Amino acid sequence: MYGTPRHFRPAHLVTMRGRNERQRPDDSRRRGTDERVAEAADFRRMTPAPARRWLRRAVCALAVAPMIVGLIGSSAPAAEAAPAASGPSTVDVSLTTVTPSVPEEDGTLTVSGTVVNKTKGPVTSPEVDLHVGPPVNGRTGIDRAAKRTGYDRAADGPAVGGKYTVKLPSLAPGISRDFTVSVPVEELGFGEEGVYQLGVSLSGRSRGSSYRQVLGIERTFLPWQPDTLEKRTHLTYLWPLISSTHLTSEVGSDEQRTPVFEDESLAKEIAPEGRLGQMVSLGRGLPVTWVIDPDLLATVDAMTRNYRVKDGKGGEETVPGRNQAVAKQWLSSLETAVQNRKVIALPYADPDLASLAHRGTGTLGRLADATEVASLTVETILHVKPSVDFAWPVDGAIDSSIVKVATSAGADHVIARSDSLRDDLPYTASAARPIGGGTTAVVADARLSKAFEGNMLDSGESTLAVQRFLAQTLAVALQDEAPAGRSIVVAPQRMPTTSQAQSMARALQGLAGQRWTQQVDLLAAADARPDSGANRRTPSVSQYPEKLRKRELSDRAFEEIRDTQETLDNFTLILTARDRVETPFSRAIDREMSTSWRGQQQAAEAYRAGVRTTLGRLVGEVQLIEKSQITLSGRSATIPVTVQNRLVQDVDHLVLRLSSDNGARLSLDGGKGTAERPIEIKGGHSQSVKFDAKANANGQVRMTAQLYTEDGKLYGPAMQFTVKVSEATPTVLLVIAGGVLLLVLAGVRMYTQRKRAAARDTPADGPGTEPGGDGDPDGTEPPGDGGDGADHGQPSDPTPDTRRESGDGSRAGEKVDR
């Protein structure tokens with residue numbers, strides 16, 4: 001070989017020399033090499049011997065270098081004649097399906113996908129090939145392989161080629177084409193069990209290139225386990241049924257207490273094609289552990305009967321709900337799906353444990369109540385007895401305060417995640433581990449739990465996620481250091497989308513053969529024997545992830561929650577049918593602390609404001625009726641205060657307190673400055689409460705009426721009014737008496753005068769007087785003087801007022817009862 005030393009030639013070049021010469025892709029390049037070698041030989045003949053030896057070696061190296069390039073290119077199939085083009089100006093290859101997800105010895109692997117020409121010129125003679133690389137080394141190897149870009153023959157392996165190469169028409173810029181490749185599994189060249197990398201490449205000639213090259217490649221993984229392992233991994237997959245808040249705190253005043261919904265969005269979720277509808281239909285055939293928020297069950301159960309929905313116009317008007325049939329169908333399907341399965345009930349409304357632990361001082365009592373209600377709700381609606389021994393913080397992130405809060409409500413197990421409770425082991429440890437105080441942390445695997453958090457609407461992303469999940473589970477099972485009977489847990493995102501749920505289901509279906517995994521429920525995983533070397537130290541509060549801390553409920557949120565709870569407690573003390581108010585509002589307060597509010601601060605504030613407004617409106621239905629100024633005449637009187645109850649139920653255990661700001665001027669109940677009366681009022685009625693008052697001096701007195709509960713807590717706002725005291729003094733009474741005496745004497749005198757006048761007008765001889773005498777013969781008296789100089793008519797005298805005197809004097813404001 002042109003004087004090339006034998007030791008310089010790679011062995012594979014020597015053995016393939018004849019084949020390479022027959023498959024040279026470019027003869028012009030070889031001719032150029034011959035010419036350079038000839039020139040070097042001429043120069044060598046003119047050079048002294050030592051120098052010639054040095055130059056000969058250099059020339060040989062120069063001569064061999066291009067030949068190595070040519071030989072490497074010709075030794076590979078035509079699709080691998082050169083390295084892949086890289087960068088954005090290449091062909092994009094995406095995978096749609098890989099069937100089956102777990103290949104079998106006698107089966108056929110079918111891969112379908114799409115290629116898109118992203119170059120600025122056409123791609124001619126495009127061909128799609130499959131590449132099977134060497135086995136991937138462990139879980140870390142899978143992560144590294146998934147991040148690789150570009151084509152690397154050593155890592156990607158040779159193309160299967162031959163009749164399994166798919167030839168496509170030329171691709172113009174921006175044009176996409178679908179492809180499907182089917183290859184018998186035996187042609188893939190699998191060796192020992194393990195995870196293999198599968199590459200799907202497109203090769204061709206692009207503009208400006210005279211030879212073929214790999215223009216794009218997509219990689220995925222194939223788990224290869226033809227036989228069932230003796231040491232299978234116990235796998236637990238959590239299947240969460242959780243939603244956001246849909247019910248308001250409002251209920252109707254009718255006997256059924258008709259619930260009011262914010263909108264009808266939940267009906268879309270529970271429809272057969274909706275997110276929760278798909279979760280139920282997919283989970284029914286999978287070996288999963290159901291994790292359910294009881295609030296979701298109670299909300300859907302409320303939809304099965306009459307319910308109302310806000311009209312969406314911002315007011316208080318509502319319209320009848322119309323999705324009872326959808327709700328009944330979903331509950332029926334769920335009840336069937338969970339029979340003979342393990343069900344985990346979260347505390348009611350899935351409270352944010354981290355927010356409660358870090359900011360929720362004073363509201364922790366609600367957590368125990370939410371846990372108690374959870375069990376009853378699930379058992380009543382689904383007719384299965386759930387476990388309430390598990391707490392699930394957001395993303396499985398825990399610290400010492402979160403564990404303390406979770407266990408305070410009765411949970412003996414906390415679902416954590418391995419990126420929060422980290423291990424320093426060469427293998428994946430079992431999920432269960434004691435962390436002290438009788439509490440067990442069930443540590444979910446972070447890689448597997450986050451496997452489907454991406455955009456699974458993209459079929460390519462979904463396919464890659466499924467294959468990587470399966471590959472990771474096999475890699476766990478093949479770890480030599482792992483103990484037998486190891487148990488791992490997968491805790492996915494709390495509210496998977498429809499596409500994410502479908503991807504999760506495909507992954508679990510790929511494990512149906514149970515060749516390297518065995519499905520168990522969460523209770524069995526929690527009771528599994530822990531690894532002695534696994535981390536059991538709970539992180540401190542300062543180690544809680546800052547990214548998650550920023551999304552917690554605020555301090556202000558918990559202040560508002562505490563105020564609402566206090567108002568509710570005071571209000572229910574006076575009610576005779578407390579459950580009509582206490583139950584819906586207690587559940588509404590639970591929803592105010594829900595994990596679903598993370599990242600939705602404005603929506604959370606609006607919901608809390610709505611609860612406060614509705615509760616305040618109910619509290620205001622029991623109120624004091626405003627009074628205007630009243631006048632008090634006399635030493636004593638009664639002051640009435642009216643209390644109104646516009647609720648549909650009776651109220652009692654209420655106290656009305658009336659106080660005077662000047663007890664010396666106006667005292668109550670025999671000389672006290674304050675008086676109290678117990679209150680009991682029928683629903684829809686008012687009651688007037690009377691207080692005895694005594695006036696000691698004239699003037700105005702400000703009175704304050706205030707309602708209290710029996711334990712002395714304020715109820716509602718105070719009502720103030722003014723009493724004008726007008727007391728009758730002895731001097732005034734003497735003057736009045738003197739005036740009355742003068743009137744009596746004047747009356748006596750007038751009576752006497754009238755009697756005397758009547759006597760003078762009577763004739764001395766009586767009625768038989770003769771005509772022509774002193775009397776009038778016609779019986780009439782001539783006008784003018786009567787003959788005796790007296791004025792008989794007295795027409796100027798006033799006519800006596802004979803009307804009955806009114807006992808109600810004219811006074812401003814409200815009259816008081818005497």
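Everything numeric here is computed off the predicted structure, so don't read it as measured data. FYI, the numbering just counts along the sequence from 1. Atom set for the values below is all heavy atoms of this structure, side chains included, hydrogens, waters and symmetry mates excluded.
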Other residues, nucleotides and ligands only: do more than 12 of their heavy atoms fall within 6.0 Å of CD on Glu566? no

Does Glu250 come within less than 4.0 Å of Lys310, counting only side-chain N to carboxylate O? yes

With sequence neighbours left out, the residues meeting side chain to side chain contact (heavy atoms under 4.5 Å, CB included) with Met495 are Ile242, Arg275, Ser596

Tell me every residue that passes side-chain hydrogen bond (donor to acceptor under 3.5 Å, both in side chains) with Arg359, counting only those two or more places apart in sequence or in another chain. Glu552

Is there a donor-acceptor contact under 3.5 Å linking the side chains of Glu262 and His246? no

Should we say atom CG of Asn306 is surrounded by more than 12 heavy atoms from elsewhere, each under 6.0 Å from it? no

Name the residue from Thr567, Val651, Leu707, Val655 that meets the side chain to side chain contact (heavy atoms under 4.5 Å, CB included) definition with Tyr715. Leu707

In terms of side-chain heavy atoms, does Asp711 have a donor or acceptor partner in Thr709 at a distance below 3.5 Å? yes

Contacts of Gln644 meeting side chain to side chain contact (heavy atoms under 4.5 Å, CB included) (sequence neighbours excluded), chain-then-number -> Gln623, Ile625, Arg646, Ser686

Indicate, with yes or no, if the rings of Phe390 and His413 have centres closer together than 6.0 Å. yes

Looking at Gln601, I'd like to know if its CD atom is crowded, meaning that more than 12 non-hydrogen atoms belonging to other residues, nucleotides or ligands lie closer than 6.0 Å. no

Below 4.5 Å, heavy atoms only, C-beta onward: do Ile639 and Phe721 meet side chain to side chain? yes

Residues that Trp392 engages under ring-ring contact (aromatic ring centres under 6.0 Å, His included), provided they are two or more places apart: none

Atom CD of Glu546 with >12 non-hydrogen neighbours under 6.0 angstrom: yes

Salt bridge check: are Asp521 and Arg341 linked by an N-O gap of less than 4.0 Å? no

Using a strict 4.0 Å threshold on nitrogen-to-oxygen distance, state whether Lys682 and Asp652 make a salt bridge. no

Tell me every residue that passes side chain to side chain contact (heavy atoms under 4.5 Å, CB included) with Ala411, counting only those two or more places apart in sequence or in another chain. Ala391

Would you call Asp295 and Arg587 a salt bridge, taking side-chain N to carboxylate O under 4.0 Å as the test? no

Can you check whether Ile574 reaches Glu710 side chain to side chain, under 4.5 Å on heavy atoms? no

Checking Ser540 against Gln543: is there a side-chain donor and acceptor pair closer than 3.5 Å? yes

Using the rule salt bridge (Lys or Arg N to Asp or Glu O under 4.0 Å), only one of Asp590, Asp569, Asp352 pairs with Arg366; which is it? Asp590

For Ala577 against Gln649, the heavy-atom pair lying closest together: N-OE1, 2.6 Å

Name all residues meeting the side chain to side chain contact (heavy atoms under 4.5 Å, CB included) criterion together with Asp563; count only those two or more places apart in sequence or in a different chain, and write none if there are none. none

Does the side chain of Leu276 come within less than 4.5 Å of Ser243's, by heavy atoms? yes

Flag, side chain of Thr614 to backbone of Val611, donor-acceptor distance under 3.5 Å: no

Has Arg657 got its NZ or CZ under 6.0 Å from the middle of the six-membered ring of Tyr708, at an angle within 45 degrees of the ring axis? yes

Would one find more than 12 heavy atoms of other residues, nucleotides or ligands at under 6.0 Å from atom CD of Glu379? yes

